[in-house]
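Take a look at the structure set out below.
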Amino acid sequence: MDAQIQAAFDAAQQIVFLTGAGVSTASGIPDFRSANGLYTKNRNAEYYLSHRYFASDPAGFYQFCKNNLYFPAAQPNVIHQKQAALTQQDRAVVITQNIDGLYEKAQTKHLVNFHGTLERVYCEKCYQTVPVADYLHSRLHAADGGALRPDIVLYDEAIPEAALQQSLAALQAADLVVIVGTSMQVYPFAGLLNYANPAAQILAINQEPLHLPVDFTMLTGDAVAFFAELKI
């Protein structure tokens, strides 16, 4: 661990982690856009994850989600655990594109699920929530026959206003912004950087170098190794 990087974490009063699918690959969850990713293997994946598809073929949408998105045996890795520990110290906020629920399993305290979470399932007819196990058993709500769906942001749906406002407030208060496991190319998430505190130090940890429209420090390498060494 570089001493200056460790010192930046030690000194930070308000860290914001901006994270993506690369955080969860070490937990056995495939990402979306790599060579083995969901979108690469299935070129229609974006359509299958759209509200238009959910409305037109709810049974097909259900099968796609059940077979491709849920990994109930997956557990948080050291990246989730170290970030969660910093949130429990009230020194960090995690804003994630991930929908897999691993941050919840890691007991992350200050968490913004920018694209929603698979761990919350609700009925489109009555809006009552149901356990994930019920959804994996049936796509219909036992109480009223309504279609169940995970509370994730589908293509052609807007980011929830609460998630936007929480994200902007956290970034404007940040003195350290850490980008982990995301290419920062998917909007509107990528646009969040434009709202970061101008005085904040920005650090990116990724397997491939990033090109961002701000001044930042790039650490090219394995985020698992980085967080394993990070002292908190």
Side-chain angles (χ1 to χ4, degrees), residues 9 12-29 31-32 49 65 69-122 129-132 135 149-154 157-184 186-193 195-197 200 202-206 223-224 226-228 230 232:
F9 275 88
Q13 298 297 307
Q14 187 60 54
I15 305 167
V16 170
F17 292 104
L18 295 173
T19 74
V23 168
S24 293
T25 53
S27 295
I29 297 179
D31 63 12
F32 287 86
L49 291 174
C65 286
L69 299 184
Y70 280 94
F71 296 85
Q75 295 297 318
N77 61 58
V78 69
I79 307 174
H80 301 100
Q81 292 161 352
K82 288 285 181 76
Q83 292 178 3
L86 286 164
T87 70
Q88 291 160 11
Q89 297 173 10
D90 295 322
R91 293 179 54 217
V93 175
V94 174
I95 306 172
T96 187
Q97 299 172 87
N98 296 346
I99 58 176
D100 52 44
L102 292 183
Y103 277 114
E104 286 90 341
K105 285 186 178 181
Q107 300 183 327
T108 307
K109 184 176 178 182
H110 304 292
L111 174 64
V112 181
N113 285 309
F114 200 74
H115 292 154
T117 175
L118 292 165
E119 293 300 299
R120 181 178 183 273
V121 177
Y122 69 93
T129 58
V130 303
V132 171
Y135 179 61
R149 59 161 286 185
D151 191 10
I152 59 176
V153 178
L154 302 177
E157 291 183 332
I159 302 297
E161 186 65 23
L164 284 171
Q165 294 304 321
Q166 291 167 16
S167 298
L168 297 181
L171 283 160
Q172 288 161 6
D175 52 6
L176 176 62
V177 177
V178 185
I179 300 163
V180 189
T182 173
S183 62
M184 293 299 288
V186 176
Y187 285 83
F189 187 84
L192 291 176
L193 272 182
Y195 298 91
N197 177 359
I202 299 176
L203 174 67
I205 307 161
N206 202 56
V224 169
F226 176 90
F227 280 91
L230 179 68
I232 60 171

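Residues Leu171 and Val177 meet the side-chain proximity criterion, which asks for heavy atoms closer than 4.5 Å. Between Val153 and Pro160, some side-chain heavy-atom pair lies under the 4.5 Å cut-off. By the 4.5 Å heavy-atom criterion applied to side chains, Tyr70 and Pro150 are counted as neighbours. In this structure the side chain of Phe114 reaches within 4.5 angstrom of the side chain of Pro188, judged on heavy atoms. A heavy-atom distance below 4.5 Å is found between the side chains of Leu102 and Ile29. Counting heavy atoms from C-beta outward, Ile79 and Thr19 have side chains that stay 4.5 Å or more apart. Here the side chains of Ile205 and Ile179 are not in contact, with every heavy-atom distance at 4.5 Å or above. In this structure the side chain of Phe227 reaches within 4.5 angstrom of the side chain of Gln83, judged on heavy atoms.
Nearest heavy-atom pair across Ser167 and Leu192 is CB-CD2, 4.0 Å. Contact record, Met184 with Ala190: O-CB, 3.3 Å, taken as the closest heavy-atom pair. Across all their heavy atoms, Ala26 and Val224 have their closest contact at CB-CG2, 3.6 Å. The two residues Ala106 and Gln88 have their closest heavy-atom pair at O-NE2, 3.7 Å. In this structure, Leu176 and Ala200 approach most closely via the heavy-atom pair N-CB, 4.2 Å. Nearest approach of Pro76 to Gln81, heavy atoms of both residues: O-NE2, 3.4 Å.
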Inset, instruction - Would you please test Ile99 and Glu119 for side-chain contact (heavy atoms from CB on, under 4.5 Å) and show each step? - result: CA-CA 8 Å; Ile99 58 176; Glu119 293 300 299; over 6 Å; no

Inset, instruction - Could you give me the CA-CA distance, side-chain angles and deciding distance for Leu154 and Arg149, then say whether side-chain contact (heavy atoms from CB on, under 4.5 Å) is met? - result: CA-CA 10 Å; Leu154 302 177; Arg149 59 161 286 185; 3.6 Å; yes

Inset, instruction - Test side-chain contact (heavy atoms from CB on, under 4.5 Å) on Leu69 and Ile152 and set out the steps. - result: CA-CA 11 Å; Leu69 299 184; Ile152 59 176; 4.2 Å; yes

Legend entry - side-chain contact (heavy atoms from CB on, under 4.5 Å) assessment of Asp175 paired with Gln14: CA-CA 6 Å; Asp175 52 6; Gln14 187 60 54; 4.1 Å; yes

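A donor-acceptor distance shorter than 3.5 angstrom exists from the side chain of Asn197 to the backbone of Ala174, with no hydrogens or angles considered. Between the side chain of Lys105 and the main chain of Ala74, a donor-acceptor pair closer than 3.5 Å is present. The backbone N or O of Ala21 lies less than 3.5 Å from no partner atom in the side chain of Ser24, so there is not a single donor-acceptor pair. A donor-acceptor pair is defined here as one N or O able to donate and one able to accept, closer than 3.5 Å; no such pair exists between the side chain of Asn98 and the backbone of Asp100. Side-chain atoms of Arg91 never come within 3.5 Å of backbone atoms of Ile15 as a donor-acceptor pair (strictly under, hydrogens ignored). Asp151 contributes no side-chain N or O that, together with a main-chain N or O of Thr117, makes up a donor-acceptor pair within less than 3.5 Å. Although no hydrogens or angles enter the test, the distance criterion places no donor-acceptor pair under 3.5 Å between the side chain of Glu104 and the main chain of Leu111. A side-chain donor-acceptor contact under 3.5 Å links Asn77 to the backbone of Val23.
The line from CG of Asp90 to CD of Gln13 is 11.5 Å long, rounded to the nearest 0.5 Å. Phe189 contributes atom CZ, which lies 6.5 Å from atom CD1 of Ile95 (distance to the nearest 0.5 angstrom). The CD atom of Gln166 sits 11.5 Å away from the NE2 atom of His110 when rounded to the nearest 0.5 Å. The CG atom of Leu203 sits 9.0 Å away from atom CZ of Phe17, with the distance rounded to the nearest 0.5 Å. For the atom pair CG of Leu86 and CZ of Phe9, the computed distance is 7.5 Å after rounding to the nearest 0.5 Å.
Remark: the Thr87 side chain and the Tyr103 side chain contain no N/O donor-acceptor pair separated by less than 3.5 Å.
Within a 6.0 Å sphere centred on CD of Gln107, heavy atoms belonging to other residues, nucleotides or ligands number 12 at most.
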